[in-house]
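Have a look at the structure below, then the notes.
Start at 1 and go down the list; that is how both ligands and their atoms are numbered. Remember, it's a predicted structure, so these values are computed and weren't measured experimentally.
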Amino acid sequence: MSDVEYLKSLLGVHHDFPKKDVTFLDIFPILRDPAAFEVLITNFLDHLTSHTIPSLEGGKIDVVVGLDARGFLLGPIIASRLKAAFVPVRKIGKLPGECVDAEYQKEYGKDVFQMQVGTIQPGQNAIVIDDLVATGGSAVAAGELVAKQGGKTVEYLFIIEATFLNARSKLDAPLYSIIQADG
Ligand SMILES: O=P(O)(O)OC[C@H]1O[C@H](OP(=O)(O)OP(=O)(O)O)[C@H](O)[C@@H]1O
Ligand SMILES: Nc1ncnc2[nH]cnc12
């Protein structure tokens with residue numbers, strides 16, 4: 001079994017959660033298996049360090065943006081290994097100080113994301129990371145927050161991509177996913 005097949009085999013599959021007709025894919029079993037979690041982090045880092053990200057134009061990744069809540073499990077470790085800053089995007093009302101806002105529609109609802117002003121400097125290169133991309137609504141909103149601060153999103157990274165919802169077509173930078181789910 002390949003590394004990716006092994007990661008895929010660990011995912012929890014929950015029908016009709018959190019509402020009817022949504023099949024929820026649970027990444028937590030990967031985090032309960034230290035060897036699998038290392039495979040996961042190594043996959044992201046190999047991609048980020050060996051692959052040329054076209055929109056990075058030879059520059060470095062300055063900021064790793066992690067999305068509330070499961071992007072927080074991945075972002076800090078990737079940022080630390082890249083020697084980049086970690087910046088959280090949180091659901092509205094959770095971050096102190098002045099914030100920029102972006103409203104979004106996701107697979108099973110509507111929400112508002114926020115980022116603290118001054119956490120990305122104009123011209124900095126950012127990647128956005130989360131556990132799963134479904135419709136892409138949350139990723140698009142995160143990209144808007146990066147842009148509002150003058151930053152540039154050079155890539156969006158996810159453990160799982162629900163390919164049938166075609167989030168790629170909505171994003172302003174390439175999408176990288178380790179596991180593709182087609183239905
Ligand atoms: O591509 P989209 O349609 O926007 O859906 C993807 C988002 O939905 C999930 O988070 P959720 O909003 O359930 O929040 P949580 O991490 O706080 O549970 C997931 O972790 C992504 O952030
Ligand atoms: N199907 C799904 N599984 C896990 N997280 C999600 N976020 C949005 N859709 C999801």
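For residues 124-176, every residue pair satisfying the ring-ring contact (aromatic ring centres under 6.0 Å, His included) rule, not counting sequence neighbours, is listed here: H47-Y176.
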- Task: Show your reasoning for whether salt bridge (Lys or Arg N to Asp or Glu O under 4.0 Å) applies to D21 and K19.
- Result: CA-CA 7 Å; D21 296 332; K19 66 183 201 190; over 6 Å; no

- Under the salt bridge (Lys or Arg N to Asp or Glu O under 4.0 Å) rule, what do R81 and E38 come out as? Steps first, then yes or no, please. CA-CA 13 Å; R81 304 240 186 131; E38 189 56 38; 3.6 Å; yes

- Query: Given the rule in the side-chain contact (heavy atoms from CB on, under 4.5 Å) test, do E57 and K152 qualify, once you have shown the distances and angles that lead to the verdict?
  - Reply: CA-CA 12 Å; E57 292 165 354; K152 178 181 175 187; 3.9 Å; yes

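Summarising the geometry, atom OG belonging to S55 is positioned 7.0 Å from atom CD belonging to E155; distances are rounded to the nearest 0.5 Å. Note that the CG atom of L25 and the NZ atom of K8 stand 9.5 Å from one another [nearest 0.5 Å].
Residues satisfying the side chain to side chain donor-acceptor pair (under 3.5 Å) criterion with T119, sequence neighbours excluded, are Q149.
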Contact table, ligand 2 N/O with protein N/O, distance under 3.5 Å:
residue: ligand 2; atom: 1 (N); partner: T23; partner atom: O; Å: 2.9
residue: ligand 2; atom: 1 (N); partner: E107; partner atom: OE1; Å: 3.2
residue: ligand 2; atom: 3 (N); partner: L25; partner atom: N; Å: 2.9
residue: ligand 2; atom: 7 (N); partner: Y108; partner atom: OH; Å: 3.4
residue: ligand 2; atom: 9 (N); partner: E107; partner atom: OE1; Å: 2.4

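Within 4.0 Å of ligand 1, the residues that place a heavy atom are D68, A69, R70, K91, K106, E107, Y108, D130, D131, L132, V133, A134, T135, G136, G137, S138, listed by chain and number.
F28 is not connected to L67 by any chain of hydrophobic side-chain contacts under 4.5 Å among Ile, Leu, Val, Met, Phe, Trp and Tyr, and they are in different clusters.
Proximity of V64 to L82: side-chain heavy atoms (C-beta onward) are separated by under 4.5 Å at one or more points.
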